[in-house]
Amino acid sequence: MLQDDFSELENIRLEKMLRMRAEGIEPYPTSTKRNASTAEAVRAFETAEAANSSEEVKAVLAGRLRAIRNMGKLSFAHIEDRDGKVQLLFRVDELGEELLQTFARDFDLGDFIEAQGTMFRTRRGEVTLLVKSFRMLAKALLQLPADKDEVVDGKTIRHAALTDPETRFRQRYVDLAVNPETREVFRIRTAAVSALRSFLDGMGFMEVETPILQPIYGGAAARPFVTHHNELDQDLYLRISFELYLKRLIVGGLERVYEIGRDFRNEGVSYKHNPEFTQLEFYMAYADYRDIMEITEQMVSSVAQKVLGTQIIHFDGHEINLAPPWKRLEIRQGLLDQTGIDISQHKTAAELSAVLREKGIQHNPNAPRGKMIGDMMEQFLEPLLIQPTFLYDYPRDISPLAKNKPGDPQTVERFEGFVAGMELCNAFTELNDPLEQEKRFLELGRAYAEGDEERHPMDEDYLRALAYGMPPTGGFGMGIDRFAMLLTGHHNIREVILFPPLRDTNQG
RNA sequence: GGGCGUGUAGCUCAAUGGUAGAGCAGUGGCCUUUUAAGCCAUUGGUUCAGGGUUCGAGCCCCUGCACGCUCACCA
């Protein structure tokens, strides 16, 4: 039982709760008469004050007790709700000795309280609720980590705030309850997703939902999670992308579709990788990757403006300006500038490997040409891309779903958007030639058969869909978690995921 | 998976191999009407777990667990 593990401190709270109940006071009532948030009440009072109104501002507030200062004949307290904090004053001549004693006796930090009264300003200048009546809304049996605040010259100084990452992530409810900045991170994340939706909705996109459990996974290079459907006696994969399903919808004539949802990749974790992550993908008929670049910079900058009130963000010590236009850097040119190697002059893996060796550049000589170029990009280009930059024109053999650049069989119309040296999004002109697509799948299959860990199954139905005809289409994908990292300035993906995965433990 | 690091009271942190501590919170007291992280007193520990070395281990060694950073794979 829960209470078997209770400490002395927790048993004291438990006894208070039981005593209240024995006295006929319900410590967990079903409803409250709250009629304003703390911020609303303060605002209402300040408005009335500014208008020199003589009318009392009454309010019923509710929140978690964050500070209590009992002083004999009066008590001060602070309650906190989602919007902020407000001070409560309990006075003996308002409440009588007995009620005031009740407050001091029954209420602890962390309890939820309802207080009804009138707003006023103390001699110290703090807008405060003078309490006429109050009531327990929910007794807290466990003690929240201490984080007493001290306000010095208008600045809040935290004392002993909860910082232990394990506790913060395993018991996110405590982190949220105690650390306002954590609440702010998730407010920003939610607002960003909402702003992305309205941006796309405003462009006539249709939000759709496609299968998460898929018989054949595809649309990205990643190992999937496998699960099993008992009734069908069939293995299913948790999707690694939405791509192939969304493009089927373009074949179907929906023209502009997007999905925001979870992808699952059975890979390692890092500060920018989580096994499940939230992805935005959109597909737009009659657009190519140039159009998508413009939409991207427009979308990202306008969402930042809407959510943060600015297009300037701070990340990893950098000040980054998201305002369009973003820099455009052709991969071939970028690598030429950084390494002196013109990849267009080295058309096979062997040739490229030779020149890399000549230049003394570390590489895997057995890798395919595209992979080699990808490694070069990672090494020489990506770390430089602090300000928003579109890297464009990718090697064909690492882009199996993108359309060739006219007249250049080794290059495709694809770009990735980088911010703060981190890949934020990936987009291309979609390959809509069914026979070419089949060829690409087959090439992939071969590459993987030759020793790669990932095996990519052929999606016959997707090829059939393409064979019915897909209009020229631009497609786009962006990791929402990474976007949230940028907007909140966090350098770790777990900080922007409410319940990041942690290893299971029996210690509770 | 590899490397490095961390694990001490509810929280934040101390402690040459020699009596486990502080602040906050908790408990008790002070409180006489707009303040105070107030003041005084006080409770609280399987030092992550299990072995080992030692007269003696929070500290040294081994094993395990969890977490962090980092490398690899990937977005």
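In the text below, chain A, chain B and the rest are named by the order of the sequence lines, each starting its count at 1.
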Residue A/Leu162, side-chain atoms from C-beta onward, closest of B/U12, B/C74, B/A36: B/U12

Go through B/U33, B/G26, B/C73 for me and flag the one nearest to the A/Asp93 side chain. B/U33

How long is the line joining CZ of A/Phe107 and C1' of B/G26, in whole Å? 18 Å

For A/Gly219 versus A/Ser241, what's the shortest heavy-atom pair and its separation? CA-OG, 3.2 Å

Contacts of A/Pro275 and A/Asn492 projected onto RNA chain B by closest heavy atom; the upstream (5') one is A/Asn492

From CD1 of A/Ile240 over to C1' of B/C73, roughly how many Å is that when rounded to an integer? 14 Å

For A/Glu281 against A/Phe242, the heavy-atom pair lying closest together: OE2-N, 3.1 Å

From the set B/U35, B/U27, B/C74, return the single nucleotide nearest to any side-chain atom of A/Glu267. B/C74

Under 4.0 Å, heavy atoms only, any strand: does A/Leu130 hit a base, just the sugar-phosphate, or nothing? nothing

What interatomic distance, in whole Å, is found between P of B/A22 and the corresponding atom of B/C39? 16 Å

Using only atom types and a distance under 3.5 Å, with no angle test, would you say the side chain of A/Arg396 pairs donor to acceptor with the backbone of A/Arg440? no

Taking only the C1' atom of each, what is the distance from B/U16 to B/G10 in whole angstrom? 31 Å

Does A/Lys16 place a side-chain N or O at less than 4.0 Å from the phosphate oxygens OP1/OP2 of B/G26? no

With distance as the sole criterion, do the side chain of A/Arg91 and the base of B/U34 form a donor-acceptor contact below 3.5 Å? yes

B/A75 pairs with, by Watson-Crick or G-U criteria that keep both distances under 3.5 Å: none

In whole Å, measure the gap between the C1' atoms of B/U46 and B/G5 for me. 25 Å

Say we look at B/G58 and B/G18: how far apart would their P atoms be, to the nearest angstrom? 10 Å

Please report, rounded to the nearest Å, how far the C1' atom of B/C11 is from the CG atom of A/Asp108. 16 Å

Separation of A/Arg170 atom CZ from B/C65 atom P, in whole Å? 14 Å

So which nucleotide from B/C73, B/U35, B/C67 ends up closest to the side chain of A/His273? B/C73

Taking the six-membered ring for Trp and the single ring otherwise, decide whether the centroids of A/Phe134 and A/Phe103 are under 6.0 Å apart. yes

Once you apply a heavy-atom cut-off of 4.0 Å, does A/Leu502 come out as touching a base, just sugar-phosphate, or nothing? sugar-phosphate

Would you tell me if any nitrogen or oxygen in the side chain of A/Arg503 comes within less than 4.0 Å of OP1 or OP2 on B/C67? yes

Among the nucleotides B/C67, B/U35, B/G26, whichever has the atom closest to the side chain of A/Arg123 is B/U35

What interatomic distance, in whole Å, is found between P of B/C4 and the corresponding atom of B/U63? 12 Å

What is the base-pairing partner of B/C60, counting Watson-Crick and G-U wobble geometry with both distances under 3.5 Å? B/G52

Describe the nucleic acid contact of A/Glu10 in one word from base, sugar-phosphate, nothing, applying a heavy-atom distance below 4.0 Å. nothing

Students often get this wrong, so: under 4.0 angstrom with heavy atoms, is A/Gln87 touching a base, only sugar-phosphate, or nothing? base

Could you please name the partner base of B/C69, counting Watson-Crick and G-U wobble pairs only when both distances are under 3.5 Å? B/G3

Take atom C1' in B/A36 and the same atom in B/G21, then report the distance between them in whole Å. 26 Å

Aromatic contact between A/Phe476 and A/Phe282, with the criterion being ring centroids under 6.0 Å apart: yes or no? yes

Pick the C1' atom in B/U27 and in B/U43, then give their distance to the nearest Å. 7 Å

Which of these nucleotides, B/U12, B/U70, B/U33, is closest to any side-chain atom of A/Tyr271? B/U70

Look at all strands and tell whether A/Arg168 reaches a base, only sugar-phosphate, or nothing, counting heavy atoms closer than 4.0 Å. nothing

Run the side-chain hydrogen bond (donor to acceptor under 3.5 Å, both in side chains) test on A/Tyr394 and A/Glu413 for me, step by step, so that the C-alpha distance in whole Å, both residues' side-chain angles and the decisive distance to 0.1 Å come before the verdict. CA-CA 7 Å; A/Tyr394 275 65; A/Glu413 293 195 348; over 6 Å; no

For B/A9, the Watson-Crick or wobble partner whose two distances fall under 3.5 Å: none

Answer with base, sugar-phosphate or nothing: what part of the nucleic acid does A/Val127 contact at a heavy-atom distance below 4.0 Å? nothing

Rounding to the closest angstrom, what is the interatomic distance between B/G45 and B/G38 at atom C1'? 29 Å

Return the value, rounded to whole Å, for the distance between atom CD of A/Gln101 and atom C1' of B/C31. 11 Å

Please work out if A/Leu142 contacts a base, only the sugar-phosphate, or nothing of the nucleic acid, heavy-atom cut-off 4.0 Å. nothing

Starting the side chain at C-beta, find the nucleotide from B/A75, B/U35, B/G68 nearest to A/Glu423. B/A75

Distance flag, aromatic centroids of A/Tyr237 and A/Tyr217, threshold under 6.0 Å: yes

Using the rule given for salt bridge (Lys or Arg N to Asp or Glu O under 4.0 Å), can you reason through A/Arg262 versus A/Glu276, listing the C-alpha separation, both sets of side-chain angles and the distance that settles it, and then say yes or no? CA-CA 6 Å; A/Arg262 214 68 67 85; A/Glu276 54 178 298; 2.4 Å; yes

Please tell me which of the listed nucleotides, B/C74, B/U12, B/G68, lies nearest to the side chain of A/Thr163? B/U12

Would A/Glu495 and A/Thr488 count as having a side-chain donor-acceptor pair, cut-off 3.5 Å? no

So what's B/A41 paired with, Watson-Crick or G-U wobble, going by both distances under 3.5 Å? B/U27

Using a cut-off of 4.0 Å on non-hydrogen atoms, how would the nucleic acid contact of A/Asp164 be classed: base, sugar-phosphate, or nothing? sugar-phosphate

Taking only the side-chain heavy atoms of A/Phe120 (C-beta and beyond), determine which of B/U34, B/C74, B/C11 contains the nearest atom. B/U34

Roughly how many Å is it from NE2 in A/His490 to P in B/C69, rounded to a whole number? 13 Å

Looking at every strand, decide which applies to A/Arg482 at a 4.0 Å heavy-atom threshold: base, sugar-phosphate, or nothing. base

Does A/Arg494 place a side-chain N or O at less than 4.0 Å from the phosphate oxygens OP1/OP2 of B/C67? no

Stacking here means centres under 5.5 Å and planes under 30°; does A/Phe277 stack on B/A75? yes

Rounding to a whole Å, what distance do you find between A/Leu88:CG and B/U35:P? 16 Å

Rounded interatomic separation in angstrom, taking CD from A/Glu166 and P from B/C11: 11 Å

Within 45° of the six-membered ring axis of A/Phe186 and under 6.0 Å from that ring's centre, is NZ or CZ of A/Arg189 located there? no

Please give the nucleotide sitting opposite B/A15 as a Watson-Crick or G-U wobble pair, both distances under 3.5 Å, or none. none

Checking N1-N3 plus N6-O4 or O6-N4 for Watson-Crick, or N1-O2 and O6-N3 for wobble, each under 3.5 Å, the partner of B/A20 is none

